[in-house]
Amino acid sequence: MTKIAFIGLGNMGGGMAANQAKAGHAVAAFDLSAEALERAGAAGCTPVGSVAEAVKDAEVVITMLPAGPHVLKVYSEQIIGAAPTSALLLDCSTIDVETARKVAGLARDAGYAFADAPVSGGTAAAEAGTLAFMVGCDERDFGRVEAALEPMSRITIRAGDHGAGQAAKICNNMLLGISMMGTCEAIALAEKLGLDPERFFEIASKSSGQCWSVSSYYPWPGPVPAAPSNRDYQGGFATAMMLKDLKLAQDAAAKSGASTPLGAQAEAMYALFDRLGYGGRDFSAMLQLLRGRLSELET
Ligand code: NAD
């Protein structure tokens, strides 16, 4: 049994903390939301009243927070110095590479082992304990990191040193944003040409257009029953979240000098979709914008 402090019990963190408790660990859980704390309590964690209380005798600290500023504030003001220096610190939020490296530096200077360990998989995988983790950490710490993440994971891959986990996450999601846009455009064109989008799925999923957005997340209802397209694009991966990740990718591209014109285009399209009021819809609902059929999205 390991003493785990879990900070951030939202859509993702709630299921992740529950899986740590299910694995027999003692999970001291904290969130600013009373409702999230109550859910964590019902899932076998011990709700506590502050970050300091959660981390005071922790062996592992896991954070799952919205964005970079939250992560920097919670680590610099509430975790570093309050947790025992023997604790392993794991940030699973999706944030910018620069902030991840800054937090890693603060942790290292104070004597902690730290890893950025963002996830791929969404809320269903968070609940099922089947997330993919991409990790940036010192090589010597990876064994400990992998063991600590095990109850929440399907696979854990070390991307490289600090910040590399976030770099992998940002690049992966930029590729996903672009491939989803391409999939939606192809379906919209197929429909205009009189080709049944379900028949197009049969062909594209077995041809060179095959990709995750086609085979596992088809934006047209029917061919992939588990895809959000079958439930009016509710749940899944919100457009606002995809937009956040595409912005992180564009910021990183600007700072590093990388050329990412398709990523820029995807960001502009998702920003438009968000501005039109669809930030809460699954990102595959972009299909309805490209078809000129936003009215088909129930409000
Ligand atoms: P969420 O908004 O549901 O949860 C974040 C939680 O953090 C909230 O409950 C909030 O109250 C809490 N919080 C904020 N500031 C806090 C503080 N100072 N102290 C304690 N708690 C605090 O978000 P989410 O969907 O769980 O996403 C979390 C992270 O995971 C984000 O970085 C997101 O990009 C990433 N992510 C999300 C998904 C997804 O499908 N939702 C998939 C992969 C990665």
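Note that ligands are numbered from 1 as they come in the structure, with each ligand's atoms numbered from 1 the same way. Just so it is clear, the structure is predicted and the values come from calculations on it, not from any experiment.
- Closest protein heavy atom to atom 4 (O) of ligand 1: Gly10 CA, 3.3 Å.
- The Ile7 neighbourhood of ligand 1 comprises atoms 20 (C), with distances under 4.0 Å to a heavy atom of that residue.
- Tested against Trp212, the residues Tyr217, Tyr218, Phe237 include a single ring-ring contact (aromatic ring centres under 6.0 Å, His included) partner, Tyr217.
- Applying the 6.0 Å contact sphere to CD of Gln265 captures no more than 12 heavy atoms from other residues, nucleotides or ligands.
- To the nearest 0.5 Å, atoms CE (Met181) and CG (Leu289) are separated by 8.0 Å.
- Among protein heavy atoms, atom 30 (O) of ligand 1 sits closest to Met64 CE, 3.1 Å.
- Applying the 6.0 Å contact sphere to CD of Glu198 captures more than 12 heavy atoms from other residues, nucleotides or ligands.
- Interatomic distance, CD of Gln288 versus CG of Asp232, reported as 8.5 Å (0.5 Å rounding).
- Heavy-atom proximity to atom 43 (C) of ligand 1, evaluated over Thr123, Leu131, Val119, Val71, is greatest for Val119.
- Atoms OG1 and CD1, from Thr260 and Ile178 in turn, are 7.5 Å apart once rounded to the nearest 0.5 Å.
- Atom 23 (O) of ligand 1 has Met241 CE, 4.0 Å as its closest protein atom, hydrogens excluded (heavy atom only).
- Residue Phe30 has at least one heavy-atom neighbour below 4.0 Å for each of these atoms of ligand 1: 19 (N), 20 (C).
- Nearest to atom 11 (O) of ligand 1 by heavy-atom distance, out of Asp282, Leu32, Ile95, Asp31, is Asp31.
- Under the 6.0 Å cut-off for aromatic ring centres, Phe273 and Phe283 do not qualify, their centroids lying 6.0 Å or more apart.
- Of the options Thr94, Asn11, Leu65, the smallest heavy-atom separation from atom 36 (N) of ligand 1 is shown by Thr94.
- Counting protein heavy atoms only, atom 18 (N) of ligand 1 is closest to Val74 CG2, 3.5 Å.
- Considering both main-chain and side-chain atoms, Met12 comes within under 3.5 Å of ligand 1 through a nitrogen or oxygen pair.
- A salt bridge between Arg101 and Glu98 is absent, with no side-chain N of the basic residue lying under 4.0 Å from a carboxylate O of the acidic one.
- Distances from atom 5 (C) of ligand 1 to the heavy atoms of Pro66, Ala132, Pro69, Pro118 show the closest one on Pro66.
- Heavy-atom proximity to Lys244, at under 4.0 Å, picks out these atoms of ligand 1: 31 (C), 32 (O), 33 (C), 34 (O).
- Looking at atom 40 (O) of ligand 1, its nearest protein heavy atom turns out to be Gly122 CA, 3.5 Å.
- Classification of Glu202 and Lys206 as a salt-bridged pair fails, no side-chain N sitting under 4.0 Å from a carboxylate O.
- Listed by atom number, the atoms of ligand 1 under 4.0 Å from Lys169 heavy atoms are 43 (C).
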